[in-house]
Amino acid sequence: MKKGPARRFVRVRSAARPYPAISDYALIGDCHTAALISRAGSIDWCCLPRFDSDSCFGRLLDWQHGGHFIITPKTKAEVHRQYLDDTLVLVTTYRAGRNVARVSDFFSMRMGGRSRPRRELVRIIEGVKGKMTFDVSIVPRLDYGDVKPWIFSGGGAAHFAVGSNTGIRIFGDIVLDIVDSHDLHAEVQVRAGKKLHIGLQFFPPEEANATPQRRKPAKELQAHLQETVRWWHKWSEKIVYDDGPGVSIARSAITLKALTYAPTGAIVAAPTTSLPERKGGERNWDYRYCWIRDSIFTVWALNAVGAVSEAEGVRHFIQRAAAGNADDLQVLYGVDGKRRLTEIELTHLEGWRGSRPVRIGNGAAHQYQADMYGLLVEFAWQWSQLGHRPTEAYWKFLTQVVAAAIARWKLPDRGIWEVRSRPLHFVHSKVMCWAAANRGVALAEKYGLPAPLGKWRAARDEMRAAIDKRGVDHERGIYVRSFGSRDVDAALLLLPLTEYVAYDDERMVRTLRVISKDLMQDGLLLRYRREDGLAGSEGMFLACTFWLVTCLAHAGRKQEASRIFKRAVATGNDLGLFAEEYSRKGREMLGNYPQGLTHLSHIGAALALMNVKPPQI
């Protein structure tokens, strides 16, 4: 694969200056959890041992009390950072005059790590030229900053940080001093050719003194680095498309893989919670869970670029989480399939740049969102197109999904945007119910599977008739947001994905024109304009902008699509990572980060511009 563009050198932000921009952060992870590392070398967000665990470093959401782990030069330096090609190993190079050093950050990966993860975060400091002194501070704050852990020596250079439900082992060849019983600190110097290692490893706290702890030699951590590089290279070899100018398909695909929870196949929407959709506003949500919608979109984005193995894991996860019963479906789950995701406000945290409330859990889990039925049956249909016939048990589940869509399609719902105002008859939701019936019929006919085809066909035709009558502004000849409305919303850009309407259909083309006129600002799209039960506005929604690019490209308007694509790509950071939204006024990222929906939509748009037919979902 082609290498990404060269990265520019920039001045390191002072570690004392609070709350870097969201774009300042890089991602590392091990398909179990993740960490965000600032340009200054500070891990300001990490939850152990899972994405949805309590944070142990959470300065991202409270600068004073959240906790962090920083390795940063003592002198002013310039920084250049990049991922090793086609991996999630971050390499940050610091330059101060003639002195150069670098820090490599990664979560250890290994073959068989799905069931036997190391749960190990490693940081390696290496002198390249001259000498450089680094400040190393480890300030764990457990339970979302609410608990200062007890830190004690484990012998040699090892330490333990222990709280009520979290244990962290700190090890390596850096001698750390315990500060006030709760922090660790060291000042180290590296010269050219010298390396220093430090690592963290999660363990159940009750095992702190259960068995002797073996010291890990530096060469073992170096071996873990090489094994991690090999693991990512082996995975990324699946990707069949080279990157182009300003396009990083491989980086988006690797980011999506990093959001996968390996033990169950669940895919989280983002590894963070409560990064605001508007600075200082209340639109702050926990995205560390698995949405049916986002997971299916992710699978098809990965399939489209050659990484097909994730689909089976997602299919099994969804069916298992629903206990094999469509009546028990909900729109999102914990990464282990947990259903009860009670939304709680953490009042002791001030939020990123003062953006309260900070929330854990997500109340949308109990919303009715009708599009999930169509997504599940579309998923099965597209999976069948790759040669996978539904098993008897899977087909039984799918027939229940189709039956549920038919039974409930006339009900108003909260829609794809999970509005917290009154439910509406969203057109996108109705179309997805239609898709459930339509693809159910197609699967039954393709494989001769048992189904009440007469009932399904009649319901499908009734749905289309209702949508074409009430979901269209007949005066303008466009689709609208909800039955009886004159407004549009960006979810309408997804209608061609189900083959409900062609990209170049006149009604769809006119809808694109109105969406571009009503929802676009500075080359980026809003989701919608009307009230949604929450105060204040939000940023420009990047996934929607990429959806528009896809629609325009497949409608033959490549020049316009390319222009909007370049504008959307420009909102990413120097590492090719995207957030959920972008502030047009503040010129900065907003929302949870990195956002899977944005990255998968980026892949779809890039492929559309390359004349690659996308998967239908």
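What you are looking at is a predicted structure, and each value in this text was computed from that prediction instead of being measured. Worth knowing before you read on, the calculation uses all heavy atoms, side chains too, and leaves out hydrogens, waters and symmetry mates.
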Centre of Tyr394's six-membered ring, under 6.0 Å away, within 45 degrees of the axis: is that where NZ or CZ of Arg315 sits?
yes

Quick check, are the ring centers of His602 and Phe565 under 6.0 angstrom apart?
yes

Phe546 ring center within less than 6.0 Å of Phe578 ring center:
yes

Determine whether the side chains of Glu312 and His316 contain a donor N or O and an acceptor N or O closer than 3.5 Å.
yes

Between Leu398 and Leu376, the two heavy atoms sitting closest are CD2-O, 4.0 Å

Above 12 or not: heavy atoms from other molecules or residues under 6.0 Å from CD of Glu345?
yes

What one should report as the nearest heavy-atom pair of Ala270 and Gln595 is CB-OE1, 3.7 Å

Take a 6.0 Å sphere around NZ of Lys558 and say whether it holds more than 12 heavy atoms from other residues, nucleotides or ligands.
yes

Is the closest side-chain donor-acceptor distance between Asn573 and Tyr593 under 3.5 Å?
yes

Identify the heavy atoms of Leu607 and Ala304 that sit nearest to each other, and give their distance.
CD1-CB, 3.7 Å

Show the numbers, then the answer: is there a side chain to side chain contact (heavy atoms under 4.5 Å, CB included) between Lys430 and Phe483?
CA-CA 10 Å; Lys430 305 301 184 188; Phe483 282 4; 3.7 Å; yes

Polar side chain donor-acceptor pair, Gln385 to Lys446, under 3.5 angstrom:
yes

Work out which heavy atom in Trp381 is nearest to a heavy atom in Ala442; give both atom names and the distance.
CZ3-CB, 3.6 Å

Output the distance between atom CZ (Arg339) and atom OH (Tyr333), rounded to the nearest 0.5 Å.
5.0 Å

Report the distance from atom CZ of Phe541 to atom CZ of Arg527, rounding to the nearest 0.5 Å.
5.0 Å

Separation between CG (Asp52) and CG (Asp286), nearest 0.5 Å, reads 8.0 Å

A cation-pi test, strictly: NZ or CZ of Arg507 under 6.0 Å from the centre of the six-membered ring of Tyr479 and no more than 45 degrees from its axis. Yes or no?
yes

Consider only side-chain N and O atoms of Arg584 and Gln521, and report whether a donor and an acceptor are under 3.5 Å apart.
yes

Do Arg476 and Arg486 have side-chain heavy atoms sitting under 4.5 Å apart?
yes

Can the positive tip of Arg481 be found less than 6.0 Å from the middle of the six-membered ring of Phe426, inside 45° of the ring normal?
no

For the CG atom of Asn362 and the CZ atom of Arg288, what is their distance to the nearest 0.5 Å?
10.5 Å

Leu575 vs Tyr25, side chain to side chain contact (heavy atoms under 4.5 Å, CB included): CA-CA, chis, key distance, verdict:
CA-CA 9 Å; Leu575 295 169; Tyr25 288 98; over 6 Å; no

Quick one about Tyr287 and Glu580 (side-chain donor to acceptor, distance below 3.5 Å, no hydrogens or angles considered), yes or no?
yes

